[in-house]
J.: 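Input: one structure, supplied below.
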Amino acid sequence: MKIAVIGSGTMGNGIAHVFAQNGFEVALIDVSQEALTKAVTTIGKNLDRMITKGTVTEDEKAQTLQRITSYTALQQGVQEADLVIEAATENVEIKMDLFRQLEEFTKPGCILASNTSSISITKIASVTKRPDKVIGMHFMNPVPVMKLVEVIRGYSTSNEVTEQIIDLSKQLGKIPAEANDYPGFVANRILMPMINEAIYTLFEGVAGVEEIDTIMKLGMAHPMGPLQLADFIGLDVCLSILRVLHDGFGQPKYAPCPLLVNMVQAGHKGVKTGQGFYSYTHGTKDLVVADTFKK
């Protein structure tokens, strides 16, 4: 089975890594050659970490990297694929445009999957002539480490395709969990309101950044507090998903906190910009509360 992954960012390179490590030939596609070069370097570094831990050998690293071929032309990258996984920006128009092109460029039997964390699989599938072969494969970040794959059935996704993707996820050493296609699916329908509520708790002065995260980590056994997690996800991504939930359900409980909106508009998007609820000017290991939120 040949795999094509569209998008070489954090999620795309992680998905390509996992498939290649498990013996699949992978076409990694991005419009930017620079982004592709960076992605392959990142995969190499992640494999080096695994070598240090003794989970991968030097030979296995070399074989994994050999199975990945980079493409800047979409048609060239997907034409031989049996499964395409789209991991582009979390934007409905970009995704729908890609799936229109995939309908044209891929083999008729090719399964088309999206790594979207919130956008309707049914809506994406509607621009193709094979909605039965369109499915969601929502991997978690960091992909090589996290075990879950949220498998999302669109309204028309066939049982056969769903079973194939569940089996394939298991071949990658992942644990698939099936969900139906409603806004936010399961993961983000539950996670994003919690993050939003944590931001409201800060916004309303109930407690500070560190205190909110400490209470959730120690009291609820969460490995990372909700505000730190929001920084890692990207505050712009959190805002986008909350808007999908708010539009999809029409309920005020999903409305994004004004503080989140302001932070994104100010360009403070978390780890990716070096500033969110915490400051990351010295890296991500030391948690330093951003000056805006210091008491």
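Count residues from 1 along the sequence.
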J.: Would a 4.5 Å heavy-atom cut-off, applied to side chains only, mark L259 and F293 as touching?
T.: yes
J.: For atom CG of D286, decide whether the heavy atoms of other residues, nucleotides or ligands shown that lie under 6.0 angstrom number more than 12.
T.: no
J.: Return the minimal non-hydrogen interatomic distance between D181 and G154, and the atom names on each side.
T.: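 In terms of heavy atoms, the two residues are closest at CB-CA, 4.0 Å.
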J.: Quick one: do L260 and I233 end up in the same hydrophobic cluster if we chain Ile, Leu, Val, Met, Phe, Trp and Tyr together by side-chain heavy atoms under 4.5 Å apart?
T.: yes
J.: Any side-chain heavy-atom pair from T64 and V56 closer than 4.5 angstrom?
T.: no
J.: If hydrophobic clusters are built by linking Ile, Leu, Val, Met, Phe, Trp and Tyr wherever their side-chain heavy atoms come under 4.5 Å apart, do I111 and I29 end up in the same one?
T.: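 They do not share one cluster, since no chain of ILVMFWY contacts under 4.5 Å joins I111 to I29.
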J.: Could you see if I166 belongs to whatever hydrophobic cluster contains V84? Use Ile, Leu, Val, Met, Phe, Trp, Tyr and a side-chain cutoff under 4.5 Å.
T.: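 Not linked; separate clusters.
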J.: Quick test of your reading of the model: are K129 and E103 salt-bridged, counting only N-O distances below 4.0 Å?
T.: no
J.: Counting only N and O atoms by type, is there a donor-acceptor contact under 3.5 Å from the side chain of R189 to the main-chain atoms of G184?
T.: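 Looks like no, no N/O pair under 3.5 Å.
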J.: Where is the tightest heavy-atom contact between Y71 and A27, given as atom of each residue plus distance?
T.: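 Shortest heavy-atom contact: CE1-CB, 3.6 Å.
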J.: Looking at P144 and G14, what are the two nearest heavy atoms and their distance?
T.: CD-CA, 4.3 Å
J.: Counting only N and O atoms by type, is there a donor-acceptor contact under 3.5 Å from the side chain of S120 to the main-chain atoms of T122?
T.: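 Here the side-chain-to-backbone pair exists.
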J.: State, to 0.1 Å, how close R67 and A20 come at their nearest heavy-atom pair, and which atoms those are.
T.: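 Closest pair (atom of R67, atom of A20, distance): NH1-O, 2.7 Å.
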J.: Using the rule given for side chain to side chain contact (heavy atoms under 4.5 Å, CB included), can you reason through Q21 versus V18, listing the C-alpha separation, both sets of side-chain angles and the distance that settles it, and then say yes or no?
T.: CA-CA 5 Å; Q21 195 183 330; V18 167; 5.6 Å; no
J.: Roughly how far, to the nearest 0.5 Å, is the CG atom of L98 from the CZ atom of F105?
T.: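 It is 10.0 Å, given to the nearest 0.5 Å.
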J.: Determine which pairs satisfy side chain to side chain donor-acceptor pair (under 3.5 Å) with at least one residue from residues 132-143, sequence neighbours left out, and list them in order.
T.: H138-E150
J.: Please check this pair: side chain of E90 against backbone of S118, looking for a donor-acceptor N/O pair closer than 3.5 Å.
T.: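 Answer holds: yes.
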J.: Determine whether a donor-acceptor pair (N or O, by modelled atom type, separation under 3.5 Å) exists between the side chain of T157 and the backbone of V134.
T.: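 Yes, T157 side chain to V134 backbone: donor-acceptor pair under 3.5 Å.
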J.: Would you check if the side chain of E60 reaches a backbone N or O of T57 as a donor-acceptor pair within less than 3.5 Å?
T.: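 Pair found, side chain donor or acceptor close to backbone of T57.
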J.: Test: side chain to side chain donor-acceptor pair (under 3.5 Å). Region: residues 204-224. Which pairs qualify, not counting sequence neighbours?
T.: E211-K295, D213-Y278
J.: So K294 and V288, do their side chains get closer than 4.5 Å, heavy atoms only?
T.: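 When only atoms from C-beta onward are counted, K294 and V288 do touch, with a gap below 4.5 Å.
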J.: Which residues pass the side chain to side chain donor-acceptor pair (under 3.5 Å) test with Q228, not counting sequence neighbours?
T.: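 Result, side chain to side chain donor-acceptor pair (under 3.5 Å) vs Q228: none returned.
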J.: Counting only heavy atoms from other residues, nucleotides and ligands, does the tally under 6.0 Å from NZ of K147 exceed 12?
T.: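 Not more than 12 within 6.0 Å, no.
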J.: So, are K107 and E80 salt-bridged, with charged N and O less than 4.0 Å apart?
T.: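 Here K107 does not pair with E80 in a salt bridge, since their nearest N and O are not under 4.0 Å apart.
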J.: Without swapping roles, check the side chain of N22 against the backbone of G173 for a donor-acceptor pair under 3.5 Å.
T.: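 Not a single qualifying donor-acceptor pair exists.
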J.: For T72, check side-chain contact (heavy atoms from CB on, under 4.5 Å) against everything at least two apart and list the hits.
T.: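 Applying side-chain contact (heavy atoms from CB on, under 4.5 Å) to T72 gives Q33, L36.
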J.: With distance as the sole criterion, is a donor-acceptor pair present between the side chains of R130 and T106 under 3.5 Å?
T.: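 Note: R130 and T106 side chains meet the donor-acceptor criterion.
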J.: So, does N196 use its side chain to make a donor-acceptor pair with the main chain of M192 at under 3.5 Å?
T.: no
J.: Under a single-linkage rule joining Ile, Leu, Val, Met, Phe, Trp and Tyr whose side-chain heavy atoms are separated by less than 4.5 Å, which residues share a cluster with V186?
T.: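 Result for V186 is I190.
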J.: If every non-hydrogen atom of S169 is compared with every non-hydrogen atom of V151, which pair is closest and at what distance?
T.: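 Minimum heavy-atom separation between S169 and V151: OG-CG2, 4.3 Å.
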J.: D59: which residues meet the side chain to side chain donor-acceptor pair (under 3.5 Å) condition with it, sequence neighbours left out?
T.: Q63
J.: Starting from the C-alpha separation in whole Å, work towards a yes-or-no answer on side chain to side chain contact (heavy atoms under 4.5 Å, CB included) for L202 and V209.
T.: CA-CA 7 Å; L202 175 67; V209 169; 3.8 Å; yes
J.: Within this structure, what is the CG-CE distance for the pair L83 and M1, rounded to the nearest 0.5 Å?
T.: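 Going from the CG atom of L83 to the CE atom of M1 covers 5.0 Å.
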J.: I'd like to check K123 versus V92 (side-chain heavy atoms, cut-off strictly below 4.5 Å). Are they in contact?
T.: yes
J.: Only counting residues at least two apart or in another chain, list the ones meeting side-chain contact (heavy atoms from CB on, under 4.5 Å) with A39.
T.: S8, N13, L28
J.: Under the salt bridge (Lys or Arg N to Asp or Glu O under 4.0 Å) definition, can you give me all pairs with a residue in residues 32-46, not counting sequence neighbours?
T.: none
J.: Listed by chain and number, what are the side chain to side chain donor-acceptor pair (under 3.5 Å) partners of D97, not counting sequence neighbours?
T.: Q101
J.: Are any of the side-chain heavy atoms of F232 and P142 separated by less than 4.5 Å?
T.: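 When only atoms from C-beta onward are counted, P142 and F232 do not touch, as no gap falls below 4.5 Å.
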J.: Show which residues join Y155 in its hydrophobic cluster (side-chain heavy-atom contacts under 4.5 Å, direct or indirect), or state none.
T.: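 In the cluster with Y155 there is nothing else; it is isolated.
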J.: Decide yes or no for I152 and Y182: does some side-chain heavy atom of the first lie under 4.5 Å from some side-chain heavy atom of the second?
T.: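 No, side chains not in contact.
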J.: Where do H17 and V143 land on the side chain to side chain contact (heavy atoms under 4.5 Å, CB included) test, with the steps shown first?
T.: CA-CA 8 Å; H17 171 163; V143 181; over 6 Å; no
J.: So how far is it from L242 CG to N188 CG, rounded to the nearest 0.5 Å?
T.: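 It comes to 8.5 Å.
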J.: Looking at D48 and K61, is there a salt bridge between them, counting it only when a charged N and a carboxylate O are closer than 4.0 Å?
T.: yes
J.: Can you tell me how far the CD1 atom of I94 sits from the OG1 atom of T89, to the nearest 0.5 Å?
T.: 4.5 Å
J.: A side-chain contact here means heavy atoms from C-beta on lying under 4.5 Å apart; do I199 and F277 qualify?
T.: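 Yes, close enough: below the 4.5 Å cut-off.
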J.: Can a donor-acceptor pair be found, under 3.5 Å and without considering hydrogens, that links the side chain of D82 to the backbone of K2?
T.: yes
J.: Starting at OG of S114, measure out to CD1 of I119 and round the result to the nearest 0.5 Å.
T.: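 If we round to the nearest 0.5 Å, S114:OG and I119:CD1 are 7.0 Å apart.
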J.: Counting only N and O atoms by type, is there a donor-acceptor contact under 3.5 Å from the side chain of D30 to the main-chain atoms of A35?
T.: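 Absent.
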J.: If you measure only the distance, is there a donor-acceptor pair under 3.5 Å linking the side chains of E178 and T162?
T.: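 The answer is no; no qualifying pair exists.
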J.: Can you tell me which residue pairs pass the side chain to side chain donor-acceptor pair (under 3.5 Å) test with a partner in residues 230-241, sequence neighbours excluded?
T.: D231-Y280, D236-K272
J.: Kindly determine whether F19 and L168 satisfy side chain to side chain contact (heavy atoms under 4.5 Å, CB included), including the steps that lead there.
T.: CA-CA 10 Å; F19 272 100; L168 188 61; 3.9 Å; yes
J.: Distance check, rounded to the nearest 0.5 Å: I135 atom CD1 versus S156 atom OG?
T.: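 That separation rounds to 12.0 Å.
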J.: Indicate if M224 and M194 have the same hydrophobic cluster label, given that clusters are the connected sets of ILVMFWY residues with side-chain heavy-atom separations under 4.5 angstrom.
T.: yes
J.: Nearest heavy-atom pair of P183 and L245: which atoms, and what distance?
T.: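 For P183 and L245, the tightest heavy-atom pair comes out as O-CD2, 3.3 Å.
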J.: Run the salt bridge (Lys or Arg N to Asp or Glu O under 4.0 Å) test against E197 and tell me which residues pass, sequence neighbours left out.
T.: none
J.: Are M140 and I85 linked, directly or through other ILVMFWY residues, by side chains that come within less than 4.5 angstrom of each other?
T.: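 Different clusters: M140 never reaches I85 through Ile, Leu, Val, Met, Phe, Trp or Tyr contacts under 4.5 Å.
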J.: Are side-chain heavy atoms of L172 and F24 found at a separation under 4.5 Å?
T.: yes
